[in-house]
Amino acid sequence: MAPGLVEPAVSSSASRSLALLTEPYDDTIRFYLNGSKVVLDDADPEVTLLEYLRGIGLTGTKLGCAEGGCGACTVVVSQYNPTTAKIYHASVNACLAPLVSVDGKHVITVEGIGSVKGPHPAQERIAKSNGSQCGFCTPGIVMSLYALLRNHGTPSELEVEEAFDGNLCRCTGYRPLLDAAQTFSAQKACAKSTVNDGTGCCMENASINGSSNSSCGNSVDGSNRISKPTKKFTPPGFIEYKPDTELIFPPQLRKHDFKPLAFGNKRKRWFRPVTLEQLLEIKSVYPSAKIIGGSTETQIEVKFKDMQYTASVYVGDIPELRHYSFHEDHLELGGNVCLTDLEQICDEAVERYGDIQGQPFAAIKKQIRYFAGRQIRNVGTPAGNLATASPISDLNPVFVAANSTLIARSLERTTEIAMSEFFRGYRVTALPADAVIISLRIPVAKKKGEFLRAYKQAKRKDDDIAITNAALRVSLNAANIVENSSLVYGGMAPTTVAAKRAMQYLQGKDWTDPKTLEGIMVTLEEEFELRFGVPGAMATYRKSLALGFFYKFYHEVLSQLQTKHSELDEQAIGTIERAISFGEKDHKVGEKYEKKIIGKEQPHVAALKQCTGEAQYTDDIPSQKNELYGCLVLSTKAHAKILDVDFSPATNLPGVVDWIDHRDFSTPEANWWGAPVCDEVFFAVDEVFTAGQPIGMVLADSAKHAEAAAKAVKVEYEDLPAIYTIEEAILKESYFDHYRYLKKGDPEDAFAHADHVFNGVTRIGGQEHFYLETQACVVVPKPEDGAMEVFSSTQNPSETQSYVAAATGVAANKIVSRVKRLGGGFGGKETRSIQLAVICAVAARKTARPVRCMLNRDEDILTSGQRHPFLARWKVAVNGDGKLQALDAEVFANGGWSQDLSGAVVDRALSHIDGVYHFDNINVRGRVAKTNTVSNTAFRGFGGPQGMFIAESYMSEVADHLNIPVEKLREVNMYKPHESTHFNQELKDWFVPLMYKQVQDESSYWQRRKEIDEFNATHRWNKRGLALIPTKFGISFTALFLNQAGALVHIYHDGSVLVAHGGTEMGQGLHTKMTMIAAEALGVPQENVFISETATNTVANASSTAASASSDLNGYAIWNACAQLNERLAPYREKLGHSATMKDLAHAAYFDRVNLSANGFYKTPDIGYVWGPNTGQMYYYFTQGVTAASVEIDTLTGDWTCLRADIKMDVGRSINPAIDYGQIEGAFVQGMGLFTLEESLWSRATGQIFTRGPGTYKIPGFRDIPQEFNVSLLKDVEWEHLRTIQRSRGVGEPPLFMGSAVFFAIRDALKAARKEWGEQRVLSLASPATVERIRTSCADPILERAKVEPREGEKSFFISI
């Protein structure tokens, strides 16, 4: 193995003692897999459950992140649970689960519950409800739903809503998935009712608030229902769910003899004791043995931190550690009780001890609810939380604050450790080396005068690690004097820490005295004196959270005291609660335009295959004979000279076959690539320009061997100065040679004569694509002519073919680039996929063997680029009536270390910087900054969202300067039909003004504005905001030559039709629409049309699948091919009659020697813009839309929720409304992530990207979508000038900017928050509006006292690019 971090050195005598002790242990793992018995006599100790499953061909279970953060690898492990004495069906992350953990259990994968021929109801309903787009995440989501149904035959709506908190999806926007899952639920009344785990419906609280309403506004139908669940009927068209037909728990497993296990090899051995005595014996002879419960932390250490544990002990099957017992004054909790069971135990405890004495358990339950996902909670344990000693653990502060006692035992003694004394330093505890945590003793609260609450704030509400958390406890006597307290925080120090000075200050103070609150705030302010550059950053935010949590706690306690207090701030109490989400769509929108097939709602053609795990992705392709696995060696420096690369340590390791680098290309010139500018190398030569730049690749006989060898390669560097941010690039004049401008009218004169001129700076950060399937490639060399097949997860097969041909020294006709489907792309596989494909091809050429590589998530993020961060300095001239006069803007994009597509991205940003607003005078310029970050690339929207964000930012700020509603400013300046843009394109079929009015009416916009104003006037800490955002998005490639497409259509004897076109299927439903077009054109059923793959040997010279133009281009190419075939078949239709089937027609035509294959072609007419002269048409048309969104923010924490979103898009006459709705919902949520949650951070110390996986980079989850999510399509208008297929509009990218409505609603709420404290300055809010940015944009006294200023020369820990 490669050298890495290992456990402390162990004496040979200890190893011998361990071997002697465990010699009688069994070495065979026995379990059931999808109903069949499996016996493993030679299990690989280094293999996870996921690697085992995929290795035996069960590829439905996917690898998405390898850290348990995305849920793509979810399987169900059915087992007898010793805690509850019941069978439990646990959803688990197979990427983390060691093989030893499934002994004696039943593993169920997506293949085991159904197939296309006989799907499980969960699979069928998700497929038919349009809940699967790219499909890569779908098997994991199916299995989470399956686990829910196995454990709760009739789950509540809340249980359904929360069942997927460990799953991520980048395509769907989650709404259709939840709609499908809710068909299994029992309806319950109000989402906030106690039966739905809320704090109480308004009807339940009527006696408290004095309400006499006869109905609840939060209920599903407005009725007064706070009753028991009612079973829903199976919706029409769905298979009925019958729990009694599920896979049974194998009877043999009920009698399974859990034997102690010991197995492994020289590098690693696993031990699985089944009694506490056996465990203690192992620890006695081998104290450094790694104890593993859920492996949620250990597997990440092994995978990403190169930790090595030669002796690992799995303790999940020791019943003694999984029991609990209630006592008069405490709960005794087994150390290895899983967190899912702990949730139930907490409920039991509260029921047993009552609400007052059960406060510690209510606090634990609250923290667990937002602790990771269900898959992690099913295996994670309290003992694991304690032993890892994370400073941001959610549970540890509660254990400390509750004065819990930890019980540790070794073979010799039992030790009791007060939790307040347990944490000694960063990841260091007081646990004796030879001891294990066997239980926790958690005291109940006092019957009177004791209060305990827990708090947490993270980047994302669900399934996220804390930024700061706290457990705060106070005990008061009858006179409300503080007897003792525990103020325990996480995220404020290297350990879970008690605020001892504050606790000391509280002693003996009168809780009801306002001076007590002020005194504590001052003391906490001093106690948590974080410096600006503190590790983890966010010093001001973390300090404000520490103070804010106490402020909430103080008033919550005050509210519980019997006496009334004038100082009580009730509005500070509680957290933002989500209702059960729902949404509406207009499913009749296409009826007026429907044809036989086109215009109707149809599910994605591969949806059911994706739901059953039968859909094949690149890494699912079966292993080839003699196949090698590649692992990249990447630069660890942002900018440095390469002094030496020593790969000899790698080549000496087991299984390693070869090493490749820049010397293995056909010519030195072939190492260069880039489009349109060839300025990048596949492998570094002498110098690296970014952390993550490939230096070489190790080839080995397995992925694990290749990975280990890559870590052994030694690279010696000499550091060079690095540039990270746009501001640094401007200062050092570091730019790529790309400069564009658009000028119209006389801006200088307009600025001189306008009533007002306002200046501003707008910033928007980048965004990681986070497609669930990382970059992947399989290259198969052929024995003749240097030919190769390249199976690549790419949006650009033709360019892949071209570069592979150049790199391997053959003509393009020898290379076939194939794509079946992508597990998401979003632009990230338009050019960046070429890098991996070419490297694998060079490796295959050198070794004459097939080569496979699928990047880990961290490798993918390090190498594949992101959405471009932008900075704009703008100046707007406006008259007193709000009429815009002129715009001047300097726009900069962070291109990263190579140009890639950055120039075209800036071009599109400049063409969208007008938003939907008319300027007679405009001058905008664009540059691409050259930095030492990842090479940024195409991403859904391709500069359009950045340009429009700049537009809506200056509109918002100008409106504030003028003190007029921004809605009015937008309306006054909105383009009118047939007006021209700043690049002189006439706006035809222009419906934004109409939709702007329709959305206001349909969403009751002004009524909601009034309600929000009233809410904000009566709420100090929680504020609401509302925004109405329009969009126009130009459809066409800005590079004229790319606006073309080809297609090949074959008709076979049996009447079936095979279609090939140049577009790739990546979840957007392109193949679905294309089969519908072909079926409509040829007059055959859609199921008779098949698209096998996208390949360069069927359609040559295809453009990349991008720019939202693929349906237009490929659709017309197919239509053209079908028109040729129809012309040839016309005599036979006339001869055989209209009732003749395609089989009849094809048969007759074939025997007459008629060609039943046709090659279609299409090029977009009319377009051809010329930069500089500002002439020609840039876009074929504009897709348009309007969105209204409302939010609520908690200004004490920065927490927020989207209350409602109403989206209306003009997509013309939709080819398939179901597909288009899916694209709109998915793009909106992805856009919402861009503008709120998703923040890329670089480590200042290393120059490497820090946010390189789901643990640190947060995309929206199921519980982040709008609580009410309504989508509609424009109808009842005439599209007179639209000349596309069916008169439809491209829809992939345009809705993404609609997600900014949430950002601007947050900004609106922040304006109210700042006004509350007298802050009148115009707010310039950078994107994304993270919880930190929300909190630090407020102007309240708590924030002011928490501010941390940098000392001279001090810089932040992270760099925000």
Side-chain angles (χ1 to χ4, degrees), residues 2 306 618-619 623-624 626-637 642 644-668 670-673 680-715 774-781 788 790-794 800 803-804 806-809 832-864 934-935:
D306 199 21
T618 301
D619 197 49
S623 294
Q624 310 293 306
N626 293 325
E627 184 175 87
L628 296 175
Y629 295 81
C631 186
L632 291 170
V633 174
L634 304 174
S635 162
T636 58
K637 301 288 186 178
I642 298 177
D644 184 56
V645 179
D646 181 7
F647 55 85
S648 60
T651 55
N652 293 327
L653 292 174
V656 175
V657 173
D658 211 338
W659 161 264
I660 64 162
D661 58 22
H662 64 90
R663 295 167 296 185
D664 294 302
F665 281 77
S666 58
T667 65
N671 189 35
W672 287 87
W673 71 293
E680 184 173 352
V681 287
F682 289 107
F683 283 131
V685 182
D686 301 330
E687 190 173 344
V688 292
F689 297 92
T690 188
Q693 185 177 347
I695 294 171
M697 177 182 266
V698 173
L699 301 171
D701 60 0
S702 75
K704 276 199 177 298
H705 282 153
E707 195 174 316
K711 291 172 182 175
V713 176
K714 296 174 182 176
V715 183
T774 57
Q775 304 279 3
C777 186
V778 178
V779 177
V780 182
M788 282 185 179
V790 181
F791 299 89
S792 174
S793 180
T794 182
T800 301
Y803 276 110
V804 167
T808 57
R832 304 313 298 175
S833 59
I834 293 166
Q835 178 175 260
L836 184 64
V838 168
I839 287 172
C840 288
V842 170
R845 171 180 171 268
K846 181 179 182 181
T847 60
R849 293 170 66 174
V851 173
R852 177 188 301 258
C853 184
M854 182 177 185
L855 298 184
N856 288 327
R857 177 63 58 187
D858 60 326
E859 294 170 332
D860 188 280
I861 290 177
L862 279 165
T863 59
S864 65
V934 286
S935 183

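In this chain, residues are counted from 1 in sequence order.
Scanning both residues, T808 and V804, for their nearest heavy atoms gives OG1-O, 2.7 Å. What you find for T690 and V934 is that their closest heavy atoms are OG1-N, 3.4 Å. The two residues W672 and Y803 make their nearest non-hydrogen contact at O-CE2, 4.2 Å. Taking both residues in full, the closest heavy atoms of A670 and A806 are given as CB-O, 3.5 Å, listed atom of the first, atom of the second, then distance. Between G692 and T863, the closest heavy-atom pair is O-CG2, 3.2 Å. A709 and A650 get closest at one heavy-atom pair: O-CB, 3.2 Å.
Remark: the backbone N or O of K637 is paired with a side-chain donor or acceptor of S635 at under 3.5 angstrom. The backbone N or O of H705 sits less than 3.5 Å from a side-chain atom of S702, completing a donor-acceptor pair. Judged purely by atom type and a 3.5 angstrom limit, R845 has no side-chain atom pairing as donor or acceptor with the backbone of G809. No donor-acceptor pair under 3.5 Å is formed between the side chain of N671 and the backbone N or O of H662. At least one donor-acceptor pair closer than 3.5 Å links the side chain of S666 to the backbone N or O of A807. Looking only at distances, no side-chain donor or acceptor of E859 sits under 3.5 Å from a matching main-chain atom of L855. Proximity of a side-chain donor or acceptor of R852 to a complementary backbone N or O of Y629 within less than 3.5 Å is not detected.
Side-chain contact check for V715 versus D644: every heavy-atom pair is 4.5 Å or farther apart. Side-chain contact check for L699 versus M697: some heavy-atom pair is nearer than 4.5 Å. The closest side-chain heavy-atom distance from V713 to D646 is not below 4.5 Å. Annotation: side chain of W659 is in contact with side chain of V645 (closest heavy-atom distance under 4.5 Å). Side-chain contact between L634 and P694 is present, with at least one heavy-atom pair separated by less than 4.5 Å. By the 4.5 Å heavy-atom criterion applied to side chains, E627 and V778 are counted as neighbours. Here the side chains of F683 and I695 are not in contact, with every heavy-atom distance at 4.5 Å or above. Using a 4.5 Å cut-off on side-chain heavy atoms (C-beta onward), C840 and C853 make contact.
Note: N626 CG to R849 CZ = 5.0 Å, rounded to the nearest 0.5 Å. With values rounded to the nearest 0.5 angstrom, Q693 atom CD is found 7.0 Å from I642 atom CD1. Rounding to the nearest 0.5 angstrom, the gap separating the CD1 atom in I839 from the CD1 atom in I834 is 12.0 Å. Put simply, CG on L632 and CD on Q775 are 10.5 Å apart, with the number rounded to the nearest 0.5 Å. To the nearest 0.5 Å, atom CG of residue D860 and atom OG of residue S833 are 10.5 Å apart. How far CG of D658 is from OG1 of T651: 9.0 Å, rounded to the nearest 0.5 Å.
Taking the six-membered ring where the residue is Trp, F682 and F665 present parallel rings, their angle staying beneath 30° rather than reaching 60°.
Donor-acceptor pairing under 3.5 Å is lacking for the side chains of S793 and T618.
Salt bridge annotation for R832-E680: present, with a cationic side-chain nitrogen under 4.0 angstrom from a carboxylate oxygen.
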Determine whether W673 and V838 satisfy the following criterion, side-chain contact (heavy atoms from CB on, under 4.5 Å), listing intermediate values before the conclusion. CA-CA 10 Å; W673 71 293; V838 168; over 6 Å; no
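Atom CG of N652 is surrounded by more than 12 heavy atoms from other residues, nucleotides or ligands within 6.0 Å.
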